[in-house]
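First comes the structure, then the notes that go with it.
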Amino acid sequence: MKKLCLLLALLGCTLCLGATTDKKMDRFVSALMKKMTLREKIGQLNLQPAGNITTGGAMDTEVGSLVMNGDLGAILNQTGKDEIRAIQEVAVKRSRLGIPLLVGLDVIHGYRTILPIPLAQACSWDIPAIEGGARIAAEECSSDGISWTYSPMVDIALDARWGRIMEGSGEDPYLGSLIAAALVRGYQGDFKEKHNIMACLKHYALYGAAEAGRDYNTVDMSRWRMFNQYMPPYEAAVRAGVGSVMTSFNIVDGQHATANPWLLDEVLRRKWGFEGFVVTDYASITEMTSWGFGSQKENGIQALKAGTDMDMCAQAFLHHCEAAVSEGLLKVQDIDRACRRVLEAKYKLGLFEDPYKHCDMSDEEQARHIFTPEHRRAARDLAAETFVLLKNDGGILPLKKQGKVALIGPNADTTDGLLGSWCVVRPQRDAYPSLLSAMREYLQGKAEVLYAQGCNLTNDERQDKAGMANAPYRTVPRVDSRQALTEALKVAADADVIVFAGGEGAEWSGESHSRADLSLSDCQKRLLSALQSLGKPLVVLNFSGRPTEMGWLKQNVPVLMNVWFGGTETGPALCDVLFGDKAPSGHLTVSLPQVTGQEPLYYNHLNTGRPVRDDDDTFRQYQGNYFEVSNGPAFPFGYGLSYTTFSYGEMQVAQDGRNVTATVSVTNTGDREAAEVVQCYIHDVACRYARPVKELKGFERITLRPGQTQTVSIRLTERELSSYDAEGNLFFEAGAFDIMMGGNSRDVQTKRIEMK
Ligand code: BGC
């Protein structure tokens, strides 16, 4: 009771504090807005790239004069605390009202300590570690002038052809929601600490559902599907208090997401209670004209009216809003509303109190926050948890730290090639190791590491160049194929074991990097087949920014680990796992296809009237299957092996009212400590709306010593057993439910229960 009182007192106190801050903020912002001209208010809604700010010449740039005139509220794509301070000083000291700038950047998976790509991070199923990663990213970028990150990207993506699948958490809305909220917490904290920055939820909404996996393409789906499959992570981030939201490039219900009152007002603000500000994606208002929505002026007006508050890079608000007000097309209140939201964001971040809070460090102090040994250690630990062991025939892994290891493949001796797309600020290339140098250091004095590149990422010049579109350099050098193959075979012949590092290039995924063919390139397949004919133990590390085609690899190689792009600490993290200092524990959060033609492929699909088993590869007339392959993936959602084995006892399911508890005991039956992800799925057997064959509704990541048994209980409430109708209302329907538990989405035990 005492504890409860204390908690209530504390809660009351926090609520009061919150209310006081809100009132103080209201008073502050209202007083400021009274002093502002209409033009200055519109200026706050304008976001532009900084260009090339220098410390001496910030005022003389185009952006500098916009800032001085009060025509700019925020900048993006500027890094460097001194340069940022220079432009912030222009805002504070040279503009009429001294309103500080918001400074934004895409800090997507780390700032200088580059973390694994978000899709990889999700495969750790380690929510606290993911939250910790966001905290590290916030600490690093806020020590270099950044106060606002364009993350988390929480778009559910079901089609692996879409390159931006690497930026999200995969195909599951439940897991995606937990990660979305964790990232918001990690970046923002309570906005009180120096290193708290503002997060920006993106891309609202449905960007990941681009048709045919082609970036920026049409999206069209029912509201019922949206609410059940795509909206939950956005809602979770909003409920976690995200400060800003970015609209998406696509249309939703035929209207552009940037000028969509249903999305921005009805759902985001009224249904979910979002209180921050909405920013467009890059020049979205300009793009609306190509979509066929009219002139830039018309689109700017529509966007603002619909609930978009800040215009990224189109300058539509700046150029047209004043005139629109005098012509009666916009009300002053429309502008006031947006301006207030932007000013409130600056207030929450504490920028009015101290505009230089993120750009005031000395170089020495800054060095204590960026690319530190602690951050690199955390990134290494997280990376090790993201690798997903798919096959380990003959228990070849872990490798022994002795003899000769031949490290071969296009991704073996690259540093940039380990980072993955979306690292705006890269550490110096020699500040972190390639896999080759990490392995040499790791095995120093114990084993010898031989090396050959062996082949190009692909011999298709067109694809190779397209992959490099974002990079001013090649992540992997071009080699003469024949010569490289001969050399690799020679090197491998001299070794005890071969480790092949191949797959995709680091720049083959990310924005505008869609692929129509997800298979391993022919030249890599050729090299692998040749290496295999040597009859030595062969380990394949598949680097990828998306689910890639697994049919050939699954059939042809004995040991296979998906390693994504693990960031600056990839090399040491891979050594930890390959040589057994850590056991693999990653589990897939995307289904890996057998062939590209299966995409979009996802475990939580609906049944049909003619259900086909995922593993049934007999072609049957008038059934929903393919001629060539079964419907299921090569490796299912939730799948991942370790160096030990886990056995599951019989699942028990207990009901109490509308709550269900599923319990299972899990035993480590192998001889080494390792982590397992115990997963719980449901299927609503009969419902007035169709329900997926399986839906993840709970999980626990546990670590067990050899022989240890742990009982895992997952409690499902009415909330988890409910789903959305076509209007987005959550409803529960009594009847039969299948409750499932297991170590992946395919191998589960099932019990049917009746809910009243
Ligand atoms: C991307 C966004 C990004 C923005 C700013 C756009 O092209 O779609 O995700 O935040 O650029 O860099």
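- Inspection of the Gln44 and Lys346 side chains reveals an N or O donor paired with an N or O acceptor under 3.5 Å.
- Applying the side chain to side chain donor-acceptor pair (under 3.5 Å) test between Gln366 and each of Asp82, Asp360, Asp144 identifies Asp144 as the sole match.
- Within 6.0 Å of CD in Glu62 there are 12 or fewer heavy atoms belonging to other residues, nucleotides or ligands.
- Rounding to the nearest 0.5 Å gives a distance of 4.5 Å between CG of Asp71 and CG of Leu318.
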side-chain hydrogen bond (donor to acceptor under 3.5 Å, both in side chains) evaluation trace for Ser177 with Glu235: CA-CA 8 Å; Ser177 300; Glu235 181 179 355; over 6 Å; no
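- Under the 3.5 Å distance criterion, the side-chain polar atoms of Arg85 are left unmatched by any main-chain donor or acceptor of Gly145.
- Note: Tyr234 and Tyr204 have perpendicular aromatic rings, judged against thresholds of 30 and 60 degrees for the angle between ring planes.
- A donor-acceptor contact shorter than 3.5 Å links the side chain of Asp334 to the backbone of Lys331.
- Classification of the Trp291-Phe293 ring pair by plane angle, with boundaries at 30° and 60°, yields tilted.
- Salt-bridge annotation for Glu344 and Arg341: absent, with no side-chain N of the basic residue lying under 4.0 Å from a carboxylate O of the acidic one.
- The two residues Pro173 and Pro233 come nearest to each other via the heavy atoms O-CG, 3.9 Å.
- Taking both residues in full, the closest heavy atoms of Thr286 and Ala314 are given as OG1-CB, 3.2 Å, listed atom of the first, atom of the second, then distance.
- The structure places CZ of Arg337 at 10.0 Å from NZ of Lys305, a figure rounded to the nearest 0.5 Å.
- Contact annotation: the side chain of Tyr150 approaches that of Met312 to within less than 4.5 Å [non-hydrogen atoms, C-beta and beyond].
- Under the 4.5 Å side-chain criterion, counting only non-hydrogen atoms from C-beta, Thr258 is not in contact with Gln302.
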Ile99 and Phe352: CA distance, side-chain angles, deciding distance, side-chain contact (heavy atoms from CB on, under 4.5 Å) verdict: CA-CA 7 Å; Ile99 301 175; Phe352 287 110; 4.0 Å; yes
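- For the pair Tyr602/Gln229, a side-chain contact is recorded, criterion being any heavy-atom separation below 4.5 Å from C-beta on.
- With hydrogens and angles disregarded, no donor-acceptor distance shorter than 3.5 Å links the side chain of Ser248 to the backbone of Ala257.
- How far CH2 of Trp422 is from CD of Glu507: 11.0 Å, rounded to the nearest 0.5 Å.
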Asp309 vs Arg340, salt bridge (Lys or Arg N to Asp or Glu O under 4.0 Å): CA-CA, chis, key distance, verdict: CA-CA 9 Å; Asp309 305 302; Arg340 175 174 289 277; over 6 Å; no
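- Using a cutoff of 4.0 Å between basic side-chain nitrogens and carboxylate oxygens, Lys35 and Glu40 are not scored as salt-bridged.
- Distance CG/Leu45 to SG/Cys339: 6.0 Å, rounded to 0.5 Å.
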Derivation and outcome, side-chain hydrogen bond (donor to acceptor under 3.5 Å, both in side chains), residues Arg164 and Ser514: CA-CA 8 Å; Arg164 299 194 82 166; Ser514 298; over 6 Å; no
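- Under the 30°/60° scheme for interplanar angles, the aromatic rings of Phe249 and Tyr207 are found to stand perpendicular.
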Verdict with reasoning, Leu38 to Ile335, per side-chain contact (heavy atoms from CB on, under 4.5 Å): CA-CA 8 Å; Leu38 181 64; Ile335 295 181; 4.1 Å; yes
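- With rounding to the nearest 0.5 Å, the separation of OG in Ser169 from CD1 in Ile179 is 3.5 Å.
- Here Lys271 pairs with nothing under the salt bridge (charged side-chain N to carboxylate O under 4.0 Å, His left out) rule; sequence neighbours left out.
- Ion pair Glu89/Lys93 flagged as a salt bridge, since at least one NZ, NE, NH1 or NH2 atom sits closer than 4.0 Å to an Asp/Glu carboxylate oxygen.
- Within the 4.5 Å cutoff, the side chain of Glu139 has no heavy atoms near those of the Thr113 side chain.
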Lys297 and Glu327: CA distance, side-chain angles, deciding distance, salt bridge (Lys or Arg N to Asp or Glu O under 4.0 Å) verdict: CA-CA 12 Å; Lys297 180 173 173 182; Glu327 290 157 23; 2.8 Å; yes
Stepwise ring pair (Phe, Tyr, Trp, His ring centres under 6.0 Å) check, Trp148 with Phe277: CA-CA 12 Å; Trp148 182 30; Phe277 74 96; 5.3 Å; yes
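- Checking side-chain atoms of Arg94 against main-chain N and O of Met68 turns up no donor-acceptor pair under 3.5 Å.
- When all heavy atoms are compared, the tightest approach of Tyr230 to Ile156 is CE2-O, 3.4 Å.
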From CA spacing to verdict: salt bridge (Lys or Arg N to Asp or Glu O under 4.0 Å), Asp281, Lys202: CA-CA 9 Å; Asp281 201 346; Lys202 70 188 190 186; over 6 Å; no
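- Contact annotation: the side chain of Gln121 never approaches that of Trp564 to less than 4.5 Å [non-hydrogen atoms, C-beta and beyond].
- Gln78 places no side-chain N or O within 3.5 Å of a backbone atom of Ile84 that could act as its donor or acceptor partner.
- Not one N or O on the side chain of Asp159 forms a donor-acceptor pair closer than 3.5 Å with the backbone of Glu599.
- A donor-acceptor pair under 3.5 Å is formed between the side chain of Asn260 and the backbone N or O of Trp262.
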Working for side-chain contact (heavy atoms from CB on, under 4.5 Å), residues Leu72 and Val63: CA-CA 8 Å; Leu72 200 63; Val63 160; 3.7 Å; yes
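- Ring centroids of His195 and His369 are separated by less than 6.0 Å, placing the two rings close together.
- Atom CG of Leu183 sits about 12.5 Å away from atom NE2 of His109, to the nearest 0.5 Å.
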Salt bridge (Lys or Arg N to Asp or Glu O under 4.0 Å) assessment of Arg269 paired with Glu275: CA-CA 7 Å; Arg269 292 191 186 275; Glu275 288 183 341; over 6 Å; no
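- Residues Arg135 and Glu140 are not paired through a salt bridge, judged by the lack of any N-O separation under 4.0 Å between the basic side chain and the carboxylate.
- When atom types are taken as modelled, the side chain of Asn299 and the backbone of Gly294 share a donor-acceptor pair closer than 3.5 angstrom.
- The backbone N or O of Thr280 sits nowhere less than 3.5 Å from a side-chain atom of Ser284 that would complete a donor-acceptor pair.
- Side-chain contact check for Arg96 and Thr37: no donor-acceptor pair (N or O, by modelled atom type) lies under 3.5 Å.
- At a threshold of 4.5 Å between non-hydrogen side-chain atoms, the residues Leu418 and Phe543 count as touching.
- Residues passing the salt bridge (charged side-chain N to carboxylate O under 4.0 Å, His left out) test with Glu83: none are found, sequence neighbours excluded.
- Side-chain contact between Val279 and Thr247: absent, with no pair of heavy atoms (C-beta onward) separated by less than 4.5 Å.
- Contact check for Cys423 versus Phe565: no side-chain heavy atoms found under the 4.5 Å cut-off.
- At least one donor-acceptor pair under 3.5 Å links the side chain of Ser222 to the backbone N or O of Arg225.
- For the 3.5 Å distance criterion, the side chains of Tyr216 and Asn250 fail to qualify, holding no donor opposite an acceptor.
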